[in-house]
There are 2 protein chains.
Amino acid sequence: LSLLTTHPLPAHPFDSAIALSPLAPGQYAGHTSPAYANMVGPFGGIVAAQMLHAIMQHPLRLGEPVAFTINYAAALADGAFEIEAQPARTNRSTQHWQVQVRQAGQVALTATAITAVRRETWSDVEHAMPLVPAASTLAREFPPVPMTWVKRYDIRPVAGQLSRVWDGSGQADSLSRLWLRDEPARPLDFCSLAALADVFFIRLFLRRATRVPVGTVTMTVFFHTDSAQLAEVGDNFLLGQAVGQNFRNGYFDQAAQLWATNGELLVTTSQLVYYRE
Amino acid sequence: LSLLTTHPLPAHPFDSAIALSPLAPGQYAGHTSPAYANMVGPFGGIVAAQMLHAIMQHPLRLGEPVAFTINYAAALADGAFEIEAQPARTNRSTQHWQVQVRQAGQVALTATAITAVRRETWSDVEHAMPLVPAASTLAREFPPVPMTWVKRYDIRPVAGQLSRVWDGSGQADSLSRLWLRDEPARPLDFCSLAALADVFFIRLFLRRATRVPVGTVTMTVFFHTDSAQLAEVGDNFLLGQAVGQNFRNGYFDQAAQLWATNGELLVTTSQLVYYRE
């Protein structure tokens, strides 16, 4: 009996953050998480994870995520919101999803996703993982930014770090490499992968070391993995690499990859980011 | 009077293909174009152009496209279809769009897009255009594929061509570079750019030189340009580069860029492609 009255282990902050309450088929109530707060509103990665979580919980889901695109139409205010995730088309082995987050009667985010039943085929990682020192040989570093959400990740920079002085100097290129995982460590799943795809810092800041307002407007994540492979990765570090290809008149892109330590390329992702000045 | 009875110049096949008939605000009737036929149904790039065209014609559109994601939920059958394009959220300088194509009562495609009013800011092309021979020094080549739509493009390969024999030999990497433009030449606009983003041949075929069923399931296009810059490009060639990063269990990605001859990077784009075996 005493076992039943023992307090349960506290949930991982990531699991608490993405928890949703079902309202109707495909409709869920969610809430922003102070643990993943950004400068204004929540970290974009946690919102991506929440929206993907709505799909993962849907009783009609077919297969596992292969592609996910999220559009940040408005800054979420701290507080409650509603998610609706519905299949738009279900085929034999693929399913197409449309997702919306509404807050205060307005659309704040839209997303589309594809889930699929995968079969074993010829496979090859063409973009090989760069050779870098192991995560265990590097120290965790707190990036020089004040947002709460960065505390939820163990980030070990390898190359291309943010400047610690905002002196406008900048770097010749925006390439970064870093080891990263949830903090505390947590077994990887599709939702946490979607969030990890958004952990890279603002490429513009690497180039300019100048503070200007910025915000991701859209992110696309391609999942080159499956549950069995994710179970093998467990709570190990991933190697992330990100680079900006073009910065022009208020918008720049970021192209990124996430590899497991065994060289499997789990995610390729791109995003477009607004900036002022 | 004789002038009035003279036959007008025939429309460019691209303009005929993307023509839509308004049915209601944001609702249009469209039709597949035999000129852009693929093996089965239409070329995916022309469908992307048609869906973006619905946004471009919408009376409430704010600004110009900065991002566009299309999901190929089902193969379009040759014939008529309906497009609905509606703004999901309109902000001060950005607007988020949701688009659907329906055929025979079912959703065949979904898309999201962001249009925006851009302002001049600090800008830099970080991914520089590779140094390659000028398009004028190279010959137009017809790729060794039977689809009609390839005749609508003037393609001048620079590196990484499809094998002319399906002998399973394949290449060590899937990097291609090619000059490309509409055929006949046509002044560039956002719709034709969206189609050009899908002109690259199947990365898997470069790697394997083996015929297997394939099909793009989703494509994201980031536009780093504006009408004024497109007017400067006019009907000149663009340099395209594409590479696959990972091929795994039925899906591979393609990351690509389109540069103007002056080195401006007009488009960065990624897509996920299904393959069998």
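Numbers restart at 1 for each chain; the letters A, B, ... are given by sequence-line order, proteins then strands.
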Point-to-point distance, once rounded to the nearest 0.5 Å, from CG of A/D124 to CG of B/L204: 10.5 Å
Point-to-point distance, once rounded to the nearest 0.5 Å, from OG1 of B/T210 to CH2 of A/W122: 9.0 Å
Which of B/R203, B/Q95, B/R119, B/E264 touches chain A most, by non-hydrogen pairs under 4.5 Å: B/R119
A/F222 vs B/T218 side-chain heavy atoms within contact, under 4.5 Å: yes
Side chain, backbone, both or neither of B/Q100 within contact of chain A (heavy atoms, under 4.5 Å): side chain
Which atoms of A/Y251 approach chain B - backbone, side chain, both or neither, heavy atom under 4.5 Å: both
Greatest number of heavy atom pairs closer than 4.5 Å to chain B - which of A/T94, A/T90, A/D173: A/D173
Contact origin within A/R208 toward chain B - heavy atom pairs under 4.5 Å: side chain
Side-chain donor-acceptor contacts of residues 238-250 of chain A below 3.5 Å, not counting sequence neighbours, with atom names and distances?
| residue | atom | partner | partner atom | Å |
| --- | --- | --- | --- | --- |
| A/Q241 | OE1 | A/R177 | NE | 2.6 |
| A/Q241 | OE1 | A/R177 | NH2 | 3.1 |
| A/Q245 | OE1 | B/H127 | ND1 | 3.2 |
| A/Q245 | OE1 | B/Q257 | NE2 | 2.7 |
| A/Q245 | NE2 | A/D253 | OD2 | 2.8 |
| A/N246 | ND2 | B/L265 | O | 2.7 |
| A/R248 | NH1 | B/D226 | OD2 | 3.0 |
| A/R248 | NH2 | B/D226 | OD2 | 3.2 |
| A/N249 | OD1 | B/T121 | N | 3.3 |
| A/N249 | OD1 | B/S123 | OG | 3.3 |

Chi angles and distances behind the side-chain hydrogen bond (donor to acceptor under 3.5 Å, both in side chains) call for A/Q98, B/T110: CA-CA 8 Å; A/Q98 290 181 302; B/T110 67; 4.7 Å; no
Heavy-atom contacts under 4.5 Å, residues 267-275 of chain B to chain A: B/T268, B/S270, B/Q271, B/L272, B/Y275
Side chain / backbone / both / neither for A/N91 at chain B, heavy atoms under 4.5 Å: side chain
Under-4.0 Å salt bridge between A/E126 and B/R207: yes
Region of A/E277 that comes under 4.5 Å of a non-hydrogen atom in chain B: backbone
For chain B, the option from A/A255, A/S174, A/A88, A/A108 that forms the most heavy-atom pairs under 4.5 Å: A/S174
Interface moiety of A/I70 toward chain B, non-hydrogen atoms closer than 4.5 Å: neither
A/Y72 portion near chain B, given a 4.5 angstrom heavy-atom threshold: backbone
Euclidean distance, A/R102 CZ relative to B/R89 CZ, rounded to 0.5 Å: 10.0 Å
